[in-house]
Q: 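One structure follows; several queries about it will come next.
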2 protein chains.
Amino acid sequence: MASLQKKPDMKERILETADKLFYLQGIRAIGVDTIAARIGISKRTLYNHFPSKDALIAAYLERRFVQPRPSDKPPAAQILATFDSLERRFSAKDFRGCPFVNAVAELGAEDKSVRKIAVAFKESRRLWFRNLLNQLGVADAEGLATQLAVLVDGCIAQDLVRNDPSMARAAREAARVLLKNAGVKVSD
Amino acid sequence: MASLQKKPDMKERILETADKLFYLQGIRAIGVDTIAARIGISKRTLYNHFPSKDALIAAYLERRFVQPRPSDKPPAAQILATFDSLERRFSAKDFRGCPFVNAVAELGAEDKSVRKIAVAFKESRRLWFRNLLNQLGVADAEGLATQLAVLVDGCIAQDLVRNDPSMARAAREAARVLLKNAGVKVSD
DNA sequence: TTTTAGTTACACAGACCTGTGTAATTGCGC
DNA sequence: GCGCAATTACACAGGTCTGTGTAACTAAAA
């Protein structure tokens, strides 16, 4: 009972629920039983869609790997808007840090596949910054992109422990100074 | 056998070992059996010194809460030296991020006592920065201290996933720019 | 020597975990 | 209605974990 068998891909339903639980409570803290029970399916069904918990973890992280959608705003505004968006997400009470950093922290360095996707995610964001900086004609786009990536992860970590969304604004202000210092015209 | 009963406080020996294992492999990943076995003592002895694993975790984090020792170097140099020190620690292969951030990531937000000590640690470092900035006569010492704290945690998180000690240098360069922008004379 | 505090070995309870096996059942397309 | 694929309930193996109970042992203090 209580299972009306909605069409939308069982696999996706499992992933949705795993995402919520893994992210909010930790990967190690959540067992597959818990996930199945939350959806109202049997554990067997879950294992029919994912061969192991590790596979589910991998799929969870891959699903979290989303690129920012392209924008027509000016590059400098896009960069600063990153931090505004972070501040908004910090304010939601279901924010609990970066899922990739958390996964590496939880699962340890020996878990190669987790570390691999985490690195890929971090690098993809750094490259997104670098691309915008190149559009702005910044000389050391490489270095500045790295610094911006550091600011992003820094305010995320700070908010994770402090629950203080204003950390995003601090990071934004720092980013603004760094951009100005690199010769970028920045409005506010 | 294999237990020569060295005097030095059993409690401290337990903490030393717990520290190493908790930090390198994760708190949830290490059981009390593992810690006891590593020292060569019985699990019973461990529980004679700590009433529960939670108590051991708390003691582990408290032991990690060390303040930087006072220095006679000029304040600006002390601030920048923070990042040099981080780069050195990143290069050691037994570095695995910030134990407080990791603990919060692992144990979740519901664990109040862990979060509490993590917040205290982050704030103590921020205040250390603020104090130095005040000595330098920086106008917004409060805000800049927060930004520096963000840079510290940012490069730590980046190094945790990327294993790239140069992240500390990127953060240091960003810190240098922020200091200069605040009117601080900075040598190199 | 006797007392005492710390430690040991070891078993065990109770919980939770991942993953599998199986036979019955359900819903859907045909 | 029939067949088929997905799902279900449920038991279970085998492992891990935290924490306790107990009786014997050891070393050092008294």
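Note that this is a predicted model, so its numbers are computed, not measured. Below, each value reflects all heavy atoms present in this structure, side chains not excepted, and no hydrogens, waters or symmetry copies. Throughout, a chain's letter reflects where its sequence line sits, starting with A, and its residues are numbered from 1.
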Q: To the nearest Å, how far apart are B:L46 CG and C:dC10 C1'?
A: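 From B:L46 CG to C:dC10 C1': 17 Å.
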Q: Separation of A:R28 atom CZ from D:dT18 atom P, in whole Å?
A: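 My rounded result for the distance is 12 Å.
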Q: In whole angstrom, give the distance that lies between atom CG of B:D9 and atom P of C:dT7.
A: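 Roughly 10 Å, once rounded to whole Å.
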Q: Take the protein atom CZ of B:R44 and the nucleotide atom C1' of C:dC10, then report the distance between them rounded to whole Å.
A: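 These atoms are roughly 12 Å apart.
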Q: Atom CG of A:D33 and atom P of D:dC10: how far apart are they, to the nearest Å?
A: 14 Å
Q: Classify the side chain of B:K53 and the base of D:dG19 as holding, or not holding, a donor-acceptor pair under 3.5 Å.
A: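 No such pair is found, so the answer is no.
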Q: Can you measure A:N48 atom CG to C:dT22 atom P for me and round it to whole angstrom units?
A: 14 Å
Q: Centre of A:F50's six-membered ring, under 6.0 Å away, within 45 degrees of the axis: is that where NZ or CZ of A:K11 sits?
A: yes
Q: Is A:R28 paired with A:E106 through a side-chain N to carboxylate O contact shorter than 4.0 Å?
A: no
Q: Nearest whole Å is fine: how far is C:dT18 P from A:L56 CG?
A: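 The answer, rounded to whole Å, is 10 Å.
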Q: Indicate yes or no: does B:E110 engage B:R115 in a salt bridge with an N to O separation below 4.0 Å.
A: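 Answer for the salt bridge query: no.
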Q: Nearest to the side chain of B:Y47, which nucleotide is it out of D:dT20, C:dT7, C:dT8?
A: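 So the nucleotide nearest the side chain must be D:dT20.
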Q: Looking at B:H49, does any N or O in its side chain come under 4.0 Å of the phosphate oxygens OP1/OP2 on C:dG6?
A: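 Indeed not, no polar side-chain atom of B:H49 lies that close.
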Q: Just checking, A:R64 and A:F121: is the charged tip under 6.0 Å from the six-membered ring centre and within 45° of the axis?
A: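 So A:R64 doesn't make the cation-pi contact.
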Q: Atom CD1 of B:I35 and atom P of D:dT16: how far apart are they, to the nearest Å?
A: 16 Å
Q: Should B:T45 be listed as having a side-chain N or O under 4.0 Å from OP1 or OP2 of C:dT8?
A: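 So the side chain of B:T45 is within the cut-off, an N or O lying under 4.0 Å from OP1 or OP2 of C:dT8.
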Q: Can you tell me which nucleotide in D:dG21, D:dT8, C:dT18 comes closest to the side chain of A:K43?
A: C:dT18
Q: What's the closest nucleotide to the side chain of B:S42 if the choices are D:dG19, C:dG19, C:dT8?
A: C:dT8
Q: Starting from the 5' end of DNA chain C, give me the residue, A:P51 or A:T34, whose nearest nucleotide shows up first.
A: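 Looking at DNA chain C, the more 5' nearest nucleotide goes with A:T34.
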Q: Indicate yes or no: does A:R13 engage A:E16 in a salt bridge with an N to O separation below 4.0 Å.
A: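 No, no charged N to carboxylate O under 4.0 Å.
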